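What's counted below: heavy atoms across the whole structure, side chains too, no hydrogens, waters or symmetry copies. The model shown is predicted, which means the values in this text are computed figures rather than measured ones.
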Amino acid sequence: MADRPYHHGDLRAALIANAERALAERGPSALSLRELAREAGVSHAAPGRHFKDKQALLDALALTGFDRLTGRLEHALAAVGEDGARTRVLALARTYVGFAIDNAALLDLMYARKHDPRSSAQLSAAVERLLDTVVRPIVDGQSDGEIAGGDPWPVAMTVSAALHGFATLKAAAPPEKVEESLAEVVRVLFDGLAPR
């Protein structure tokens, strides 16, 4: 058996990409640095230059997920511009739910690593960027009088929890049903539960 090379063009990116695919197919417990090295065609020691252990790989994978999700949310907000709080929240909702349905295993890992006390400062900063992106349209809506005033964080938490739960419930639904139902969820969030 020939020795595997130690070097790779962009081993870190290849390991993360392979880990994300393996995560979606087999779950986090099946991730192995040795197996990922084999798939990348490098020696079993090569991943150690980028990840000291499996937990470091999981943190990096979660960080990649948070950065990607935040980027998509920011793009969605930029695409709708300043078109009112309801439109902006619906754009966030569509983007978040789409990401959650398409990346269920990654999202589960992201939240698991987020709550792990051993997670890195870099991961904590990525979570803060995501939260700032989610709360921004709430704060803007409060400033414009479209959302009730007060602490924006409970509002953002309510929206986030509703969307996360919605994505979990609708993961296998046809896309047109997801869109129709999602618009109704956002309507209820804005109109509230009290009778009119």
**Asked** So D67 and R129, side-chain contact (heavy atoms from CB on, under 4.5 Å) or not? Walk me through it.
**Response** CA-CA 8 Å; D67 287 344; R129 284 191 302 276; 3.0 Å; yes
**Asked** Quick check: does any side chain N or O of N103 sit under 3.5 Å from a backbone N or O of L106, one acting as donor and the other as acceptor?
**Response** no
**Asked** Is I101 reachable from V134 through a run of hydrophobic residues whose side-chain heavy atoms are each under 4.5 Å from the next?
**Response** yes
**Request:** Measure the shortest side-chain to side-chain distance between L131 and V127 over non-hydrogen atoms and say whether it is less than 4.5 angstrom.
**Result:** yes
**Request:** Spell out, yes or no, whether M157 and V135 are grouped together once hydrophobic residues are joined by side-chain heavy atoms under 4.5 Å, including indirect joins.
**Result:** no
**Asked** Given the rule in the side-chain contact (heavy atoms from CB on, under 4.5 Å) test, do Q122 and L63 qualify, once you have shown the distances and angles that lead to the verdict?
**Response** CA-CA 8 Å; Q122 192 177 14; L63 177 62; 3.4 Å; yes
**Message:** Contact between L123 and M110 at the side-chain level, heavy atoms closer than 4.5 Å - yes or no?
**Reply:** no
**Prompt:** Between V89 and I138, is any pair of side-chain heavy atoms under 4.5 Å apart?
**Reply:** yes
**Prompt:** To the nearest 0.5 Å, how far apart are CD in E82 and OG1 in T87?
**Reply:** 11.0 Å
**Request:** Report whether L182 and V80 are members of the same hydrophobic cluster (ILVMFWY, side-chain heavy atoms less than 4.5 Å apart, transitive linking).
**Result:** no
**Prompt:** Below 4.0 angstrom, N of the basic side chain to O of the carboxylate: do R88 and D83 qualify?
**Reply:** no
**Asked** Looking only at heavy atoms, which two atoms of A85 and P137 are closest? And how far apart?
**Response** CB-O, 4.4 Å
**Request:** In plain terms, say whether R94 and E179 are close enough for a salt bridge, that is, a side-chain N and a carboxylate O under 4.0 Å apart.
**Result:** yes
**Request:** In sequence, state the C-alpha distance, the side-chain angles, and the governing distance for H164 and Y96, and then conclude on side chain to side chain donor-acceptor pair (under 3.5 Å).
**Result:** CA-CA 8 Å; H164 188 72; Y96 181 86; 2.7 Å; yes
**Message:** I need the F66 CZ to T133 OG1 distance, nearest 0.5 Å.
**Reply:** 12.0 Å
**Message:** Take a 6.0 Å sphere around CZ of R21 and say whether it holds more than 12 heavy atoms from other residues, nucleotides or ligands.
**Reply:** yes
**Stepwise side-chain contact (heavy atoms from CB on, under 4.5 Å) test for D10 and R12** = CA-CA 6 Å; D10 189 353; R12 187 177 196 285; 4.2 Å; yes
**Asked** Can you tell me if Q142 uses its side chain to pair, donor with acceptor, with the backbone of A148 under 3.5 Å?
**Response** yes
**Prompt:** For K170 and V178, which heavy atoms make the closest approach, and how far apart are they?
**Reply:** O-CG2, 3.8 Å
**Message:** Taking L169 as the starting point, is it possible to reach L90 by hopping between hydrophobic residues whose side chains are less than 4.5 Å apart?
**Reply:** no
**Asked** Mind checking whether I16 and F99 sit in one hydrophobic cluster, side chains of I, L, V, M, F, W, Y counted as touching below 4.5 Å?
**Response** yes
**Request:** For the pair R68 and E20, find out whether any cationic side-chain nitrogen is under 4.0 Å from an anionic carboxylate oxygen.
**Result:** yes
**Prompt:** Passes side-chain contact (heavy atoms from CB on, under 4.5 Å), L77 versus L73? Steps please.
**Reply:** CA-CA 6 Å; L77 288 175; L73 292 172; 5.6 Å; no
**Request:** Taking the side chain as every heavy atom from C-beta outward, state whether T95 and H75 have any pair of such atoms under 4.5 Å apart.
**Result:** no
**Message:** Could you check whether R118 pairs with D59 (Lys NZ or Arg NE/NH1/NH2 to Asp/Glu carboxylate O, under 4.0 Å)?
**Reply:** no
**Request:** Please answer whether the main-chain N or O of L31 pairs with a side-chain N or O of K54 as donor and acceptor at a distance below 3.5 Å.
**Result:** yes
**Lys/Arg-Asp/Glu bridge criterion (N-O < 4.0 Å) met for R113, D116** = yes
**Fill in**
Between A105 and A24 the two heavy atoms that sit nearest each other are CB-CA, 4.0 Å
**Asked** Got a second to check how far E74's CD is from L130's CG, nearest 0.5 Å?
**Response** 9.0 Å
